[in-house]
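Structure record follows, encoded as C-alpha cells.
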Amino acid sequence: MIARIWTGITKIAHLEAYTDFMKSRAIPDYQNTPGFIKLSFLRRSDHEIAHFKLITYWENLEVIKNFAGLDYEKAKYYPEDQEFLLEFPEKVIHFEVFAE
C-alpha cells in the first residue's frame with residue numbers, strides 16, 4: 001500500500017468553505033478511482049492560516065498514476081482551488097505503508 005501526502009494552506013476565513021469543497025468535490029474524486037483504499041483529511045488553525053493535510057492510501061503506484069497521471073509526484077489541483085489556496089506546492093510525497 002502507498003500513502004500519498006499533500007499539504008495546503010488557506011486563510012482562516014476559508015477554513016469551512018474549503019473543507020466543504022474537499023468533501024463535495026475532491027474526496028469523491030479520490031473514492032471513485034479504482035485502487036483507492038482510504039484517506040485521512042486533516043486540518044488545523046494557526047492564527048490567520050488554516051493548514052490542511054490530505055493522506056490518501058492506494059493499492060500501488062500504478063493506480064496512483066491512473067488518478068494523477070504519469071508524473072504521479074505532481075500535485076493534482078482543481079479549478080476551484082484558485083479560490084481558496086494561498087500556495088500551490090508542485091509535488092506530493094509518497095510513502096510505502098509497511099504497518100498499520
Side-chain angles (χ1 to χ4, degrees):
M1 180 167 46
I2 305 294
R4 177 179 169 94
I5 304 169
W6 170 86
T7 59
I9 59 172
T10 68
K11 293 179 181 177
I12 197 72
H14 294 147
L15 173 73
E16 295 303 330
Y18 193 64
T19 298
D20 291 343
F21 162 72
M22 291 295 284
K23 287 180 178 179
S24 66
R25 172 88 158 89
I27 290 173
D29 191 27
Y30 294 113
Q31 292 172 330
N32 290 326
T33 303
F36 170 84
I37 297 172
K38 63 181 179 177
L39 63 80
S40 298
F41 179 33
L42 312 171
R43 69 181 192 175
R44 72 179 175 91
S45 303
D46 184 17
H47 303 290
E48 297 299 315
I49 300 295
H51 300 265
F52 292 88
K53 187 172 295 273
L54 180 61
I55 307 169
T56 53
Y57 299 88
W58 305 85
E59 290 176 4
N60 55 50
L61 286 177
E62 289 307 310
V63 299
I64 292 173
K65 289 177 185 176
N66 291 336
F67 171 76
L70 291 178
D71 186 3
Y72 64 92
E73 291 184 329
K74 186 175 180 181
K76 180 176 178 177
Y77 291 102
Y78 299 89
E80 298 91 338
D81 285 322
Q82 295 287 332
E83 300 173 34
F84 301 110
L85 295 175
L86 298 176
E87 298 174 354
F88 293 84
E90 184 178 334
K91 300 287 185 176
V92 298
I93 298 172
H94 295 91
F95 286 89
E96 180 181 355
V97 179
F98 65 92
E100 287 188 86

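If you're wondering where the values come from, they're calculated on a predicted model, not measured in any experiment. In this chain, residues are counted from 1 in sequence order.
Listed by chain and number, the residues in a ring-ring contact (aromatic ring centres under 6.0 Å, His included) with F67 are Y30, W58 (sequence neighbours excluded). For D20, there are no salt bridge (charged side-chain N to carboxylate O under 4.0 Å, His left out) partners at least two apart in sequence or on another chain. With sequence neighbours excluded, no residue forms a ring-ring contact (aromatic ring centres under 6.0 Å, His included) with Y57. Contacts of E73 classified as salt bridge (charged side-chain N to carboxylate O under 4.0 Å, His left out), with partners at least two apart in sequence or in another chain: none. Residues satisfying the side chain to side chain contact (heavy atoms under 4.5 Å, CB included) test with N32, not counting sequence neighbours, are P28. Here F98 pairs with nothing under the side chain to side chain contact (heavy atoms under 4.5 Å, CB included) rule; sequence neighbours left out. Annotation: salt bridge (charged side-chain N to carboxylate O under 4.0 Å, His left out) contacts of K76 (sequence neighbours excluded): D29. With sequence neighbours excluded, the residues satisfying side chain to side chain contact (heavy atoms under 4.5 Å, CB included) with I93 are F95. Residues that satisfy the side chain to side chain contact (heavy atoms under 4.5 Å, CB included) test with E16, not counting sequence neighbours, are R43. By the salt bridge (charged side-chain N to carboxylate O under 4.0 Å, His left out) test, K38 is found to be paired with E100, residues two or more places apart in sequence or in another chain being considered.
Listed here is the closest heavy atom pair of A50 and L15: CB-CD1, 3.6 Å. Minimum interatomic distance between R44 and D46 (heavy atoms only, all atoms of both residues): NH1-CB, 3.7 Å. Closest of all the heavy-atom pairs between A3 and I55 is CB-CG2, 4.1 Å.
Contact annotation: the side chain of H94 approaches that of Y72 to within less than 4.5 Å [non-hydrogen atoms, C-beta and beyond]. Side-chain atoms of Y78 and F84, non-hydrogen and from C-beta on, never get closer than 4.5 Å to each other. Counting heavy atoms from C-beta outward, H47 and I12 have side chains that stay 4.5 Å or more apart. Here the side chains of K91 and D71 are in contact, with some heavy-atom distance below 4.5 Å. At a threshold of 4.5 Å between non-hydrogen side-chain atoms, the residues T19 and F41 count as touching. The shortest side-chain heavy-atom distance between E83 and Y18 does not fall under the 4.5 Å cut-off.
Note: N66 CG to T33 OG1 = 8.0 Å, rounded to the nearest 0.5 Å. Taking NE2 from H14 and CZ from F21, the interatomic distance works out to 13.0 Å, rounded to the nearest 0.5 Å. Taking CE of M22 as the start and CG of L54 as the end, the distance is 4.5 Å to the nearest 0.5 Å. Between the OG1 atom in T56 and the CG atom in L39 there is a gap of 7.0 Å [rounded to 0.5 Å].
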Open item on the list: One pair to check against side chain to side chain contact (heavy atoms under 4.5 Å, CB included): H51 and T7. What are the steps and the verdict?
Closed with: CA-CA 7 Å; H51 300 265; T7 59; over 6 Å; no
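The main-chain N or O of P89 is found under 3.5 Å from a side-chain atom of Y77 such that the two form a donor-acceptor pair.
Listed by chain and number, the hydrophobic cluster partners of L70 come to none, as no ILVMFWY side chain reaches under 4.5 Å of it. Its side chain within the 4.5 Å cluster rule, I9 clusters with I49, L86 among the Ile, Leu, Val, Met, Phe, Trp and Tyr residues.
Put simply, V92 and V63 are part of the same group of oily side chains (I, L, V, M, F, W, Y) that touch within less than 4.5 Å, one to the next. Side-chain heavy atoms closer than 4.5 Å link hydrophobic residues (I, L, V, M, F, W, Y) into clusters, and following such links, even through other members, never connects M1 to W6.
Within a 6.0 Å sphere centred on NZ of K74, other residues, nucleotides and ligands contribute 12 heavy atoms or fewer.
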